[in-house]
Amino acid sequence: MPLQGKAAQKPKTPSTDASPSNPLPATAPTAQPAPAITVAERTQQRTDESRPFEAVRRKSGLAALPDEDRAAWYACHFARSLPAKRTRLPPKFQRELWRAVNDAGLPLRPLPRTYSWGIDRSGQDVGRYPTPRFDERFAKRTRLTELVLQSKAFRERRDRLRSGSAEAGDIITDSDIQEERLRRSEMAKLKSELYGVVPEGGFATDPEWDDVLPLPVEEPEGALATISYPAEYATAISYLRAVMANKEYSARSLRLTETIIDMNPAHYTVWLYRASILLAMALPIPAELAWLNAVALEHLKNYQIWHHRHLLIDQHHPTLASDPAAAAALAASERDFLAQILAHDTKNYHVWSYRSYLVAKLNLFADPAELRAVDVLIDDDVRNNSAWSHRFFLVFSDPAASTPGAHATEHDPAVPQATVDREVAYAQEKIALAPQNQSPWNYLRGVLVKGGRELASVEGFAEGFVTGLEGKSGGKEDVRSTHALDLLAEIYAEKGDRERADLCLRRLGEKWDRIRVGYWEWRRKCLEV
Amino acid sequence: MADPEPPTLDIDRHLKYWKMCLRSPLPGAYLSNEGNRMALAYFILNSITILTPSGSERTPLIPPEEKRQIREWILFHQHPGGGFSGTSSLVFPLYVYDEWDSEAGKRSLEHSGLANIAATLFALQLLALLSDEDNAEDAFKGVDRPKLLRWLKRLQREDGSFGEVLRLLPGKGWFIAGGNDMRYCYVATAIRWMLRGDVKEGEPGWVEDFDTESLAGYILKTQTYDGGFAGSSSEEPHAGYAYCAISALTLLDRPSENAPAHHPSATLRSHIRSMPGLLHWLASRQFVYLEPPPPPPGQDPDEEDYQVNFLLPASVASLALSEDDSQTYVGLNGRCNKCADTCYYWWVGGALASLGREELIAREPARRFLLGKMQHRIGGFAKNPGNPPDVYHACFGLAILGVMGEEGLNRVDSSLAVPVETVRKIERARRRLVEGDKGEGKAARLASDAVSMGLGSVGGRPSWLVGVEGGA
């Protein structure tokens with residue numbers, strides 16, 4: 001229809017821009033509308049502008065318009081209805097009509113009377129947004145669309161590469177992946193801001209994990225001991241389950257174990273899986289040890305770390321067998337690290353367990369640095385029983401100076417008497433520093449048994465801590481160490497002096513160590529047998 | 001001066017704490033136990049059972065329908081290769097296990113690395129704790145006893161000790177993971193006692209036992225120069241390990257029915273290197289708890305130094321001054337010169353009870369310490385004085401009181417760490433399970449005879465059958 005085509009060529013913009021070149025009809029509202037506050041209000045303004053006489057017509061009817069305006073309105077209204085009417089008008093009439101319409105300058109296509117802007121993530125009507133906020137939202141949506149398209153292109157390119165149907169120029173570099181990762185994190189952020197979609201953690205948005213279908217944890221009703229843990233942990237575990245089920249040993253699964261260990265280092269399965277990855281990929285053990293140092297310092301109470309370290313050394317050790325210098329270097333670096341970690345907790349059981357394992361594995365029994373390290377810790381805290389225990393192991397399990405497999409509580413003739421002398425003196429020296437400290441007393445007794453000596457060989461020493469037991473020698477009864485009295489009871493019993501042994505035990509129960517009266521009474525009964 | 005009001009055990013308050021643990025998710029601080037949820041579940045149900053002896057007037061916290069659901073949840077953790085996983089995050093959809101190694105004709109068992117020895121004991125204890133007097137026989141219904149016992153045997157190392165999990169490490173073969181840990185040795189003996197029964201070799205339902213002699217040898221060798229027991233003979237003795245060592249040795253020859261925890265164990269008594277040394281070491285774990293001094297001004301009271309409660313008396317004489325013990329607090333530590341902790345009353349007291357030597361414990365002062373210093377106002381027990389309660393310490397605090405015969409509590413078996421009435425249920429459940437295996441054993445033998453007969457004419461066995469037989 002020529003009419004329509006011709007009309008369409010005319011600028012028929014709804015007068016949103018109130019430029020002077022497009023004068024409004026004389027009686028159209030001339031005052032500039034107040035600046036729009038919300039999107040819906042701006043829309044209403046625009047709608048009104050596309051329907052110049054609408055307000056008047058609604059209010060008072062067409063009759064209220066001046067003749068000229070009324071004629072213009074009719075002309076426009078008629079012209080607008082022409083396509084629907086399919087009426088063929090005489091050419092002259094058409095020319096007249098369009099001239100009238102053009103002269104009137106009215107918009108031919110008014111905006112719909114109602115328009116919905118939808119609701120946002122919080123259920124609020126977007127139409128009620130102030131315009132700057134709306135513009136911001138619009139910009140975000142535009143940006144998201146742009147990112148989605150780029151991301152789609154990335155995926156298609158990668159899928160082509162994976163399926164072997166790559167086209168020219170289809171390459172993906174590390175920086176492409178890095179870019180995609182940034183892109184997805186921006187997309188996730190935008191989606192969250194726009195639509196309230198909660199980002200699912202790093203994995204769902206990480207291109208590296210696109211091909212993994214996570215295996216979420218499911219359990220039947222009746223579950224006990226559920227733990228309210230963070231969503232990130234649940235996500236990471238569901239990816240862990242997926243790669244474990246596939247026995248995937250890869251760089252990304254290694255990184256995944258790190259993520260989970262960081263959140264929950266006590267998860268033993270993750271450590272075993274990590275060990276599997278290291279072995280399968282034949283990754284360098286020293287690098288893993290270095291990584292582990294940092295983890296251990298961060299999680300001091302954890303003990304899976306030490307099992308892992310144990311396993312690593314087992315794996316690494318054979319490669320050092322032919323290289324004494326490398327073995328010595330490993331021993332030195334391990335000792336340095338142990339000193340560092342023991343500085344935080346000098347009695348950490350797992351660290352000491354590992355240390356005894358290391359001594360046996362690398363044969364450090366005779367290494368003077370090892371004994372010196374223990375000495376330092378005992379000097380620092382003479383009550384550090386862990387250090388005392390380690391010293392006993394170090395001195396009396398040295399394969400070069402003991403019977404292999406000899407039991408800790410038994411006499412071992414292979415132990416040199418000079419060693420026994422030295423250790424007896426060492427214990428006595430430390431007892432003198434703090435007589436009520438049980439560690440060196442236990443040690444002293446242990447050394448005597450190991451060395452095959454009678455306990456009576458330290459009778460005089462022990463008696464030095466006890467005076468005037470029950471006023472026997474006339475003086476006031478004084479006990480500076482209950483452990484001395486304990487040992488004396490044993491010594492007297494060993495010598496057959498049951499009466500004196502009984503006196504020691506009785507005084508312990510009656511006065512010097514009353515909380516253990518049940519034990520001392522039991523010892524007294526044993527004397528009778 | 002006498003203590004006017006001796007501290008008491010407020011059973012209702014403890015039940016309130018456990019009800020909270022039963023009904024609401026545990027806080028995020030328990031995340032490090034995500035891999036051991038079966039243990040947490042055991043702490044919860046064991047404590048509730050200790051607090052509500054049968055015949056108690058309190059309404060049961062868990063209705064029968066819910067008990068059934070919890071049973072289902074526990075059995076959900078049973079692994080196709082035997083044993084139980086410690087958490088649902090280590091339970092995989094069945095297809096994950098469906099892998100066939102056609103060359104070896106064996107089902108790939110790599111994933112049996114997901115069943116855990118400790119979780120398996122906790123699961124069995126839980127099944128028994130959930131049963132009632134009228135259905136105790138069925139407590140272990142659904143437990144694959146032969147598979148579980150065969151899996152258990154595979155967890156034993158050459159030196160006799162046990163690990164916690166099995167894992168196929170690439171290039172290394174089967175690896176028994178878990179370090180030198182006496183706990184696994186104990187757990188192995190407890191599982192064995194709970195499931196094995198007196199089945200003779202050749203009888204249906206018989207499964208080859210693990211090497212009990214080498215296990216006993218390993219344990220006995222870990223006694224240290226000062227009389228205690230350690231994770232291995234080269235380590236420091238530790239009360240937890242001493243408990244495990246003693247309980248394991250006594251469980252190895254505990255009669256399968258109606259025997260107390262402190263039955264005369266030949267394994268323990270005739271082979272231990274030094275019983276006097278052990279008792280000396282256990283008795284030495286007790287010490288007089290001294291109130292820490294207030295922190296100096298400007299010092300953070302939460303700083304670790306002020307939470308440590310192993311304080312040395314100014315002189316030995318100060319220990320002896322008071323003739324009145326009614327206000328003495330006795331704490332127990334796990335190692336020489338370490339601080340007091342609720343759980344060590346359990347490990348030390350439980351060990352002495354299993355040895356029949358409860359009299360070596362200063363029971364009243366230790367109880368006073370537990371109730372007066374470790375009991376929390378919301379219920380439960382803390383690890384250290386002033387700390388909030390946690391399920392582990394709250395459970396073992398109740399357990400040791402139950403061992404020591406605290407009024408109003410269920411009597412607890414010091415070796416199996418559940419109420420004595422639950423031990424009786426375990427015995428009934430074991431009897432039924434073994435009977436079932438004998439029946440099934442007959443059926444399986446019939447089937448296998450039929451297959452052999454049928455195959456005799458064909459020659460050779462199909463690979464799937466080899467797989468089924470070798471897969472366990």
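Note that this is a predicted model, so its numbers are computed, not measured. Proteins come first, then strands; the chains are lettered A, B, ... in the order of their sequence lines, and each starts at number 1.
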Please look at B:E164 and chain A and tell me whether the side chain, the backbone, both or neither of the residue comes under 4.5 angstrom of a heavy atom of that chain. side chain

Using ring-ring contact (aromatic ring centres under 6.0 Å, His included) as the criterion, point out the one residue from A:F393, A:F392, A:F396 that pairs with B:Y225.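 Single pass found, and it is A:F392.
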
Show, in sequence, the C-alpha distance, side-chain angles and deciding distance for B:D226 and A:R445, and conclude whether the side chain to side chain contact (heavy atoms under 4.5 Å, CB included) test is met. CA-CA 8 Å; B:D226 43 5; A:R445 198 187 170 287; over 6 Å; no

For a quick test of reading the model, state the closest non-hydrogen atom pair linking [X] to [Y] and the distance between them.
X: A:I237; Y: B:S89; value: CG2-CB, 3.8 Å
X: A:L272; Y: B:L169; value: O-CD2, 4.1 Å
X: A:A225; Y: B:R37; value: O-NE, 2.8 Å
X: A:S276; Y: B:P170; value: O-CG, 3.4 Å
X: B:K221; Y: A:G405; value: CE-O, 3.9 Å
X: A:S353; Y: B:E235; value: OG-OE1, 3.2 Å

How about [X] and [Y]: does a side-chain donor come under 3.5 Å of a side-chain acceptor?
X: B:N337; Y: A:S439; result: yes
X: A:Y519; Y: B:E359; result: no
X: A:E219; Y: B:W73; result: yes
X: A:T409; Y: B:Q223; result: no
X: A:Y268; Y: B:N116; result: yes

Just by distance, do the side chain of A:H407 and the backbone of B:L220 share a donor-acceptor pair under 3.5 Å?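 A pair under 3.5 Å: yes.
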
For A:R516 and B:Q286, indicate whether the former's side chain and the latter's backbone hold a donor-acceptor pair under 3.5 Å. yes

Can you tell me how far [atom2] of [Y] sits from [atom1] of [X], rounded to the nearest 0.5 angstrom?
X: B:L31; Y: A:Y233; atom1: CG; atom2: OH; answer: 5.0 Å
X: B:E236; Y: A:N384; atom1: CD; atom2: CG; answer: 7.5 Å
X: B:L114; Y: A:T269; atom1: CG; atom2: OG1; answer: 6.0 Å
X: A:S386; Y: B:H238; atom1: OG; atom2: NE2; answer: 9.5 Å
X: A:L224; Y: B:F43; atom1: CG; atom2: CZ; answer: 13.5 Å
X: B:S32; Y: A:N302; atom1: OG; atom2: CG; answer: 9.0 Å

Under 4.5 Å from any heavy atom of chain B - which part of [X]:
X: A:H267; result: side chain
X: A:I227; result: both
X: A:S397; result: neither
X: A:E218; result: backbone
X: A:Y354; result: neither
X: A:W441; result: neither
X: A:R355; result: neither
X: A:D486; result: side chain

One pair to check against side chain to side chain contact (heavy atoms under 4.5 Å, CB included): B:K172 and A:Q315. What are the steps and the verdict? CA-CA 10 Å; B:K172 280 183 82 109; A:Q315 185 65 18; 3.0 Å; yes

Determine whether A:Y273 and B:R167 satisfy the following criterion, side chain to side chain contact (heavy atoms under 4.5 Å, CB included), listing intermediate values before the conclusion. CA-CA 9 Å; A:Y273 179 49; B:R167 186 140 186 113; 4.1 Å; yes

Greatest number of heavy atom pairs closer than 4.5 Å to chain B - which of [options]:
options: A:N437, A:N385, A:L394, A:V217; result: A:N385
options: A:V517, A:V449, A:L311; result: A:L311
options: A:H310, A:K347, A:M263; result: A:K347

Stepwise, does the side-chain hydrogen bond (donor to acceptor under 3.5 Å, both in side chains) test hold for A:Q438 with B:S284? CA-CA 9 Å; A:Q438 196 178 21; B:S284 298; 3.2 Å; yes

With B:R335 as the cation and A:Y349 as the aromatic partner, state whether NZ or CZ is under 6.0 Å from the six-membered ring centre and within 45° of the axis. no

Mind running side chain to side chain contact (heavy atoms under 4.5 Å, CB included) on A:N442 and B:H280 for me, showing each step along the way? CA-CA 10 Å; A:N442 284 342; B:H280 181 262; 4.2 Å; yes

